[in-house]
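Everything below concerns the one structure shown next.
To find a chain, count down the sequence lines: A is the first, B the second, and so on, and within it residues start at 1.
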Amino acid sequence: MSPSSRPTAVALLISLAVTGSLCLWAVAAAPDSVRPALAWGAGGAAVVLSAAVAVAVQARANAGRLRARLTSETQRFTGEISRLVSASAAEGQRFTAETARIKSASAAETARLRSAAEAETARITAHAAAEIERLTAEIARLTARATRSETERSAAVAACANAAGRMQALATSMLADLREMEHRHAAEDVLGDLLHLDHRTAQAGRLADSIAVLTGARSGRRWAKPIVMESILRGAMGRISGYQRVRLHSTSDVAVAGHAAEGVMHALAELLDNAANFSPPTAEVHVYVEEVPAGIVLTVEDSGLVMSDVQLRRAERAVSATDQDLTGLSGTRLGLAVVGRLARKHGLTVAFRPSARGGTGALMMLPQELLTRTPVPAPAPVSRPVPEPEPTHGTAPAETGTATGAAAPTSDAQHPQHAPAPAEPATPAPADPTTGPAADSPASDTTGNLPRFGESGLPKRPRGRTLAAAEARAQAHSDDATAPRPRTSDPKEQAARFSSFRQAVRANSPHPEEGNTR
Amino acid sequence: MTRPRRPGRDDDPDRLYTLTGGRSRSDSDAFDLVTLVVSECEPTPGMQSEHVTILRMCQLPTAVVEIAAGLGLPVSIVRIMLSDLLDTGRISARHPRTARVADRLPDPEILEQVLVGLRNL
């Protein structure tokens, strides 16, 4: 039994003894009628009382024990708290000290860093200032240089343009001179040399034109009239070195307006030059002209190198209307850039594609605005004027180049419808075309290399079949001219007629002294 | 078509050497200044315009110089074009006389007699 429960047990025993004795006394003293009830009640009450006393004693003992324990615990806590308080106070002091130390250290560090940063900033600022100064000077120098080079560039371009313009003028006047000389000198050797010079000059002119186009100088020659397509093609062809390899296929009678003709010819010449230069030296370059609703398409086809896709694209870019800068210009390939400039100026469309001939095809489209139609030419011989035979003309026109005036009566004397009477003395002109060929011998054919000669050595001039047919044609539309003219008795007119006959007979005589035989 | 113009004037863009393909002499001597030329066919489309003009002019017999004057071209150039046409049979040519005959020309005295006789007609 625990010591705490011992007083409880004692109190229980005491109370049991007291209450038991009291119960016994009360039962003994009570009458019998209530004895059992009293016994039970008293007994129960005694037990309850005893239990209550025991519980009370036990509770009191418990309370005392708990109180003692509370006291001891309180003392222990107090001690502990005081110990902790003192410890925390010490800790606080230590912390404060540490804080102060760190603070001072950080202040020092901050000061050091600040000074260092300030020094660095000052250094950098000075450096940046120096750099800015240097860069400013550099910018100023570069600006000056750019300005100078810009000035130089524009001056060079202007000089080039000026020189090209003069070259153009020179080439044009040289070409005019050469053409005049070509007409003046009939000797074949001289003419050959002149044509050679003409060709060279035309090429030089094209080069000058190219430079003029690239430098934006005034355009070349302006034609006062529309130029027919055939002349355009031949004019372009005549400006390249390999013109003999160019084959033209054109049935178009369209003409190009005079202001654009030179540009079109130049652009076409550049395309032709490309085609001729990039194809084998014996291959032909073909030019086709096709009329489309939007204008005229000129196709230049060669059978040379096939351009790859990249090259085709590059070429298209070079001739496209957007890229007009001189920066993409290479030193040797001016052609496509020139074509591009001209295309933009005149609204031409240029495209490249692989050619069916195995090489490259270049297409150039001329818009309708540049084109005009030429009137259909009238047949020439009908409207040809009939010059009167010149009776006083005595010199033989054989060896002179400018024999136009002398030859006119000569040939007219051969035409019976123009001068019928003088032809009669040689051979009577057949009035009926059907009898003409039949009357002549078959040896006198039309080629003229089989002339017949009489006994006197005088050549007979029998009419050939062609001549007779031509005469028949002439008679058909000029009946009034072939009406038999009444023989005149005027000796002057007779002399005039005979003079033309004489010239006709003697026309090719290599002996000029025969002019004195009249 | 006959273009009325002064010969030798530089008012056409096509150069003379492009008309003949660069030749300056004809390989045939079938033509001299007074050779008569007659066209044998009509011009066909696609022909060189000078050839067309020659064929139109020579529907009647025409002398070489006259053709040259009508075309406004030098005679040598015209001669080359005519030999091209002759080679293809588009024209025929007739000489008033050939160079071979020129060597045995009739005696000037005979000619003079003929002249006198004719004048006395």
Shortest non-hydrogen contact from [X] toward [Y]:
| X | Y | result |
| --- | --- | --- |
| B:Asp14 | A:Ser231 | OD2-OG, 3.0 Å |
| B:Tyr17 | A:Ala202 | OH-CB, 3.3 Å |
| A:Gly238 | B:Thr18 | CA-CG2, 3.4 Å |
| A:Arg179 | B:Leu16 | NH1-CD2, 4.1 Å |

>> I'd like to verify something: which residue of A:Met237, A:His199, A:Met181 has the highest number of heavy-atom pairs under 4.5 Å with chain B?
In response: A:His199
>> Is A:Asp193 close to chain B through its backbone or its side chain, or both, or neither, when contacts mean heavy atoms under 4.5 Å?
In response: neither
> Yes or no on salt bridge (Lys or Arg N to Asp or Glu O under 4.0 Å) for B:Glu50 and A:Arg234, after CA distance, side-chain angles and deciding distance?
Replying inline: CA-CA 12 Å; B:Glu50 282 78 15; A:Arg234 288 203 296 225; 2.9 Å; yes
> From B:Arg15 CZ over to A:Leu195 CG, what is the distance, rounded to the nearest 0.5 angstrom?
Replying inline: 9.5 Å
>> Please check: side-chain N/O of A:Glu182 versus main-chain N/O of B:Pro74, any donor-acceptor pairing under 3.5 Å?
In response: no
> In this structure, are over 12 heavy atoms from other groups packed under 6.0 Å from A:Arg200 atom CZ?
Replying inline: no
> Do the side-chain N and O atoms of A:Glu230 and B:Ser49 include a donor-acceptor pair separated by under 3.5 angstrom?
Replying inline: yes
>> Less than 4.5 Å to any heavy atom of chain A: does that hold for the side chain of B:Arg79, its backbone, both, or neither?
In response: side chain
> Which region of B:Gln48, side chain (C-beta onward) or backbone (N, CA, C, O), has a non-hydrogen atom less than 4.5 Å from a non-hydrogen atom of chain A, or is it both or neither?
Replying inline: both
> Is there side-chain contact between B:Ile77 and A:Leu191, with heavy atoms separated by less than 4.5 Å?
Replying inline: yes
